[in-house]
Amino acid sequence: ATLSNSEAAVALSWLPDDPHGLLVGTSFRWMRLYDVRTQHELFAWRAHTKAVYGVTFDPFNEHRFITFSDDAGGVVKGWDVRKMREGGQ
C-alpha cells in the first residue's frame with residue numbers, strides 16, 4: 001500500500017518515538033500508520049463507526065494515544081501503538 005487512497009485524511013499525528021511514523025485518522029473510520037520513508041502502510045485498524053476526527057498522543061507515554069469521533073455522540077478511545085503493531089488492540 002502507498003500513502004494515497006480514496007479516503008480523506010482528517011486527523012494526523014507523528015509518532016513521538018519514530019519521526020518517520022505518521023498516524024492518520026480517516027473519513028472512513030480507519031486509523032492507519034504509515035512509514036513515510038518507504039510510503040508503506042504498517043497497519044490499518046477500524047477505529048470507529050464514523051470518521052476519526054482526532055488523533056492525539058499521550059504527553060507522558062509515547063506509546064499511548066487517543067482517537068475521537070462523533071459516533072454515538074462523541075466517542076473517545078484509547079490505544080497502544082505497541083499492541084497495534086503486534087496485531088492486537
Side-chain angles (χ1 to χ4, degrees):
T2 62
L3 289 176
S4 64
N5 59 36
S6 63
E7 298 171 299
V10 293
L12 302 170
S13 185
W14 294 101
L15 269 67
D17 66 340
D18 180 0
H20 306 291
L22 181 62
L23 193 60
V24 178
T26 74
S27 60
F28 291 156
R29 69 190 182 264
W30 287 90
M31 177 175 50
R32 300 181 186 279
L33 177 62
Y34 294 99
D35 183 324
V36 295
R37 290 172 302 183
T38 63
Q39 298 185 6
H40 284 96
E41 182 181 274
L42 302 177
F43 73 73
W45 203 266
R46 184 170 173 247
H48 292 273
T49 59
K50 293 188 179 178
V52 179
Y53 289 119
V55 176
T56 304
F57 274 87
D58 182 336
F60 303 105
N61 184 323
E62 62 191 17
H63 303 292
R64 293 187 308 201
F65 64 96
I66 60 167
T67 58
F68 60 91
S69 176
D70 66 354
D71 47 274
V75 173
V76 175
K77 292 184 178 182
W79 308 88
D80 189 313
V81 173
R82 296 168 296 190
K83 295 193 185 252
M84 303 301 288
R85 286 179 172 154
E86 295 168 3
Q89 192 174 2

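Heads up: numbering here begins at 1 and tracks the sequence. Note: hydrogens, waters and symmetry copies are ignored here, and every other heavy atom, side chains too, is used.
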Please list all pairs meeting side-chain hydrogen bond (donor to acceptor under 3.5 Å, both in side chains) that have one or both residues in residues 9-24, counting only residues at least two apart or in different chains.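 Counting only pairs at least two positions apart or across chains, no side-chain hydrogen bond (donor to acceptor under 3.5 Å, both in side chains) contact touches residues 9-24.
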Search all heavy atoms of Arg32 against all heavy atoms of Ala44 and return the closest pair with its distance.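 Heavy-atom minimum between the residues: NH1-CB, 3.2 Å.
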Rounded to the nearest 0.5 Å, what's the gap from CZ on Arg46 to OG1 on Thr26? Could you check?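 With rounding to 0.5 Å, CZ (Arg46) is 11.0 Å from OG1 (Thr26).
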Phe57: what forms a ring-ring contact (aromatic ring centres under 6.0 Å, His included) with it, not counting sequence neighbours?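 Phe57 satisfies ring-ring contact (aromatic ring centres under 6.0 Å, His included) with Phe65 only.
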Which Ile, Leu, Val, Met, Phe, Trp or Tyr residues join Ile66 in one cluster when any pair of side-chain heavy atoms under 4.5 Å counts as a link?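 Besides Ile66, the hydrophobic cluster comprises Val10, Tyr53, Phe68, Val76, listed by chain and residue number.
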Connected hydrophobic set around Phe60, excluding itself, where side chains approach under 4.5 Å: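 Its cluster partners, ordered by chain and number, are none at all.
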What residues, two or more places apart in sequence or in another chain, satisfy side-chain contact (heavy atoms from CB on, under 4.5 Å) together with Val75?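 Expected list: His48, Asp71, Ala72, Lys77.
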Which residues pass the side-chain contact (heavy atoms from CB on, under 4.5 Å) test with Leu33, sequence neighbours left out?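 Applying side-chain contact (heavy atoms from CB on, under 4.5 Å) to Leu33 gives Leu15, Leu23, Leu42, Phe43, Arg85.
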Once side-chain hydrogen bond (donor to acceptor under 3.5 Å, both in side chains) is applied, do any residues pair with Arg64, and if so which ones, sequence neighbours excluded?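 Testing Arg64 for side-chain hydrogen bond (donor to acceptor under 3.5 Å, both in side chains), a comparison that skips the adjacent residues, returns Asp58.
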May I ask you to decide if Ala51's main-chain N or O and Ser69's side chain share a donor-acceptor pair within less than 3.5 Å?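 Confirmed, Ser69 side chain pairs with Ala51 backbone.
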